[in-house]
Amino acid sequence: MTKKQAIQNLDEIITKVEGARLYISHHHIVHIIAISKYSNITDINTLYNAGQRAFGENKVQDLKLKSEELEDLPLQWHFVGRLQSNKINNLIDLNPSLMHSLDSLDLAIQLNKKLSAKNKTMKCLLQINSANEQAKAGVSSSEAISIYEQISNICPNIKLLGVMSIGAHTKDNSVIKKSFKITKEIFDKLQANGAIYCSMGMSSDFELAIKSGSNMIRVGSSLFKE
Ligand SMILES: *Cc1c(COP(=O)(O)O)cnc(C)c1O
C-alpha cells in the first residue's frame with residue numbers, strides 16, 4: 001500500500017464517519033480502530049504515516065509480533081479476538097490499550113485471577129452476541145447486564161468500559177440494524193455503571209453501526225485496501 005493510497009483510504013472512511021456521526025449529533029465522537037490482522041508491518045507503518053494511531057489484532061501472537069516490531073511508534077494496540085485460556089498471560093504482558101472481546105463470565109474470572117497475580121489491570125469491553133448467532137462469541141443480550149454487573153463486582157482488576165458486538169452476518173440491513181440496536185440499548189443502560197465505549201461496526205456496516213449509536217468502529221479491509 002502506498003502512502004497516497006493509505007491517505008485516500010483513511011479519507012474515505014473519515015468522510016463516511018463524519019456523515020454518519022452527524023446523524024446522531026455534532027458532539028458524537030467516533031474512534032476508528034484499524035484492524036491490521038490481514039496486514040503486514042510495512043502497511044501498518046504506512047497507515048501510521050497517514051495519521052492513524054489505533055490498531056487492533058485478533059490473535060495474541062500477531063499482536064505480540066506486530067506491536068513489538070513497531071514499539072518505537074506511539075501506537076495504541078487493541079485486542080479484538082477470541083482469547084484462549086492458555087494465552088491470557090501473554091495478552092496481559094502486552095498491555096493492550098483495550099480488550100474488546102471479553103465474552104463470558106468464566107473468561108473474566110480467569111483473566112482477573114491472572115491480572116491480580118501480576119498486580120495489573122486491563123481495560124475491557126463485554127462482547128455481546130446480539131445477533132444471536134451460534135458461530136459468534138459473546139454473552140446473550142438477555143444476560144449481558146447481569147454479567148456486566150457481576151464482572152464489575154467480582155473482578156476488580158478488570159476495568160469494564162463498555163460493550164462490543166459484531167453485526168448480524170447477513171446482507172439484510174434491517175437485521176444488522178436490529179442487532180446494533182439491541183447492543184446500543186444495553187450500552188445505554190450500562191452508562192450508569194461506567195460504560196463509555198460502544199464498539200460496533202466493521203468495513204461492511206460501520207455507517208449503519210454509527211447511526212445506531214456506535215462510538216468505536218473496527219475497520220480492516222477498507223483501510224488496508226490496495
Ligand atoms: C477482522 C475484524 C474486524 C475488521 O473486519 P473488516 O471487515 O476487515 O473491516 C473487526 N472486528 C473484529 C472482531 C474482527 O475480527
Side-chain angles (χ1 to χ4, degrees), residues 1-59 62-63 66-67 70 73-81 94-102 122-128 130 161-168 173 176-177 179-181 183-184 187 191 195-226:
M1 185 170 63
T2 61
K3 185 172 176 195
K4 186 163 172 260
Q5 181 73 55
I7 291 172
Q8 189 184 319
N9 292 349
L10 207 46
D11 271 357
E12 269 173 30
I13 303 279
I14 291 170
T15 304
K16 287 180 180 166
V17 167
E18 276 301 296
R21 76 172 188 95
L22 294 176
Y23 190 90
I24 300 284
S25 100
H26 278 82
H27 305 290
H28 188 71
I29 288 174
V30 178
H31 300 267
I32 301 173
I33 316 303
I35 305 300
S36 47
K37 66 186 180 201
Y38 301 128
S39 307
N40 55 34
I41 305 286
T42 313
D43 283 347
I44 296 172
N45 200 50
T46 305
L47 204 58
Y48 164 79
N49 283 317
Q52 180 65 24
R53 293 292 177 270
F55 292 85
E57 288 287 332
N58 70 338
K59 295 205 174 82
D62 293 343
L63 181 63
K66 293 177 188 176
S67 63
L70 294 165
L73 300 183
L75 304 180
Q76 245 191 45
W77 284 101
H78 294 237
F79 182 74
V80 301
L94 294 173
N95 296 308
S97 293
L98 187 63
M99 193 290 202
H100 293 230
S101 41
L102 195 59
M122 192 182 290
K123 293 175 184 166
C124 294
L125 304 179
L126 181 65
Q127 183 173 353
I128 304 172
S130 54
L161 292 182
V163 296
M164 182 275 239
S165 278
I166 297 173
N173 272 356
I176 302 173
K177 203 167 158 181
S179 65
F180 287 150
K181 187 163 177 263
T183 301
K184 174 60 164 54
F187 171 65
Q191 289 189 46
I196 53 175
Y197 297 125
C198 180
S199 168
M200 317 191 283
M202 309 184 7
S203 291
S204 60
D205 56 18
F206 69 87
E207 290 170 277
L208 194 59
I210 295 167
K211 288 179 181 174
S212 306
S214 163
N215 60 14
M216 186 173 271
I217 61 171
R218 311 175 308 271
V219 280
S221 41
S222 55
L223 262 183
F224 286 97
K225 72 171 189 259
E226 294 290 338

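Note: hydrogens, waters and symmetry copies are ignored here, and every other heavy atom, side chains too, is used.
Not a single donor-acceptor pair under 3.5 Å links the side chain of R53 to the backbone N or O of L75. Remark: the backbone N or O of Q76 is not paired with any side-chain donor or acceptor of S97 at under 3.5 angstrom.
Note that CD1 of I32 and CD1 of I210 are 7.5 Å apart. Values are rounded to the nearest 0.5 Å. Rounding to the nearest 0.5 Å gives a distance of 11.5 Å between NZ of K123 and NE2 of H100. Residue Q8 holds its CD atom at 8.5 Å from OG1 of T2, rounded to the nearest 0.5 Å. For the atom pair Q5 CD and D43 CG, the distance stands at 10.0 Å (nearest 0.5 Å). Separating the SG atom in C198 from the CD1 atom in I217 is a distance of 12.0 Å, to the nearest 0.5 Å. With rounding to the nearest 0.5 angstrom, the CD1 atom of I35 is 10.5 Å from the OG atom of S221.
Under the rule for a ring-ring contact (aromatic ring centres under 6.0 Å, His included), Y48 has no partner lying at least two apart in sequence or in another chain. A search for side-chain contact (heavy atoms from CB on, under 4.5 Å) contacts involving D11 returns I7, not counting sequence neighbours.
Judged purely by distance below 3.5 Å, without hydrogens or angles, the side chains of S179 and S130 never pair a donor atom with an acceptor atom. Side-chain contact annotation: S36 with E57, donor-acceptor N/O pair under 3.5 Å present.
Under a cut-off of 6.0 angstrom, the local environment of NZ in K225 is crowded, with over 12 non-hydrogen atoms contributed by other residues, nucleotides or ligands. Few gaps surround CG on L73; more than 12 heavy atoms of other groups in view lie less than 6.0 Å from it.
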Tell me, with the steps shown, if L98 and M216 meet side-chain contact (heavy atoms from CB on, under 4.5 Å).
-> CA-CA 11 Å; L98 187 63; M216 186 173 271; 3.8 Å; yes
Chi angles and distances behind the side-chain contact (heavy atoms from CB on, under 4.5 Å) call for K66, I41 | CA-CA 6 Å; K66 293 177 188 176; I41 305 286; 3.9 Å; yes
With side-chain contact (heavy atoms from CB on, under 4.5 Å) as the test, would you mind laying out the steps for L63 and W77 before giving the verdict?
-> CA-CA 8 Å; L63 181 63; W77 284 101; 3.6 Å; yes
Report the C-alpha distance between V80 and N58 in whole Å, list the side-chain angles of each, state the deciding distance to 0.1 Å, and finish with yes or no for side-chain contact (heavy atoms from CB on, under 4.5 Å).
-> CA-CA 5 Å; V80 301; N58 70 338; 4.0 Å; yes
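Listed here is the closest heavy atom pair of A20 and E207: CB-O, 3.8 Å. Taking both residues in full, the closest heavy atoms of L125 and V163 are given as CD1-O, 3.8 Å, listed atom of the first, atom of the second, then distance. Looking at every heavy atom in both residues, S212 comes nearest to K177 through OG-CG, 4.1 Å. Closest approach of S101 and Q127 over heavy atoms only: CB-OE1, 3.4 Å. Shown here for T46 and M1, the closest heavy-atom pair between the two residues is CG2-O, 3.6 Å. Minimum interatomic distance between N215 and F187 (heavy atoms only, all atoms of both residues): ND2-CZ, 4.2 Å.
For residues 197-222, the set of pairs meeting the ring-ring contact (aromatic ring centres under 6.0 Å, His included) definition, not counting sequence neighbours, comprises H31-Y197.
Within the 4.5 Å cutoff, the side chain of V219 has no heavy atoms near those of the I33 side chain. Contact annotation: the side chain of M122 approaches that of P96 to within less than 4.5 Å [non-hydrogen atoms, C-beta and beyond]. For the pair F224/N9, no side-chain contact is recorded, criterion being any heavy-atom separation below 4.5 Å from C-beta on.
With M164 as reference, R218 is the one residue of M99, R218, M200 to meet the side-chain contact (heavy atoms from CB on, under 4.5 Å) rule.
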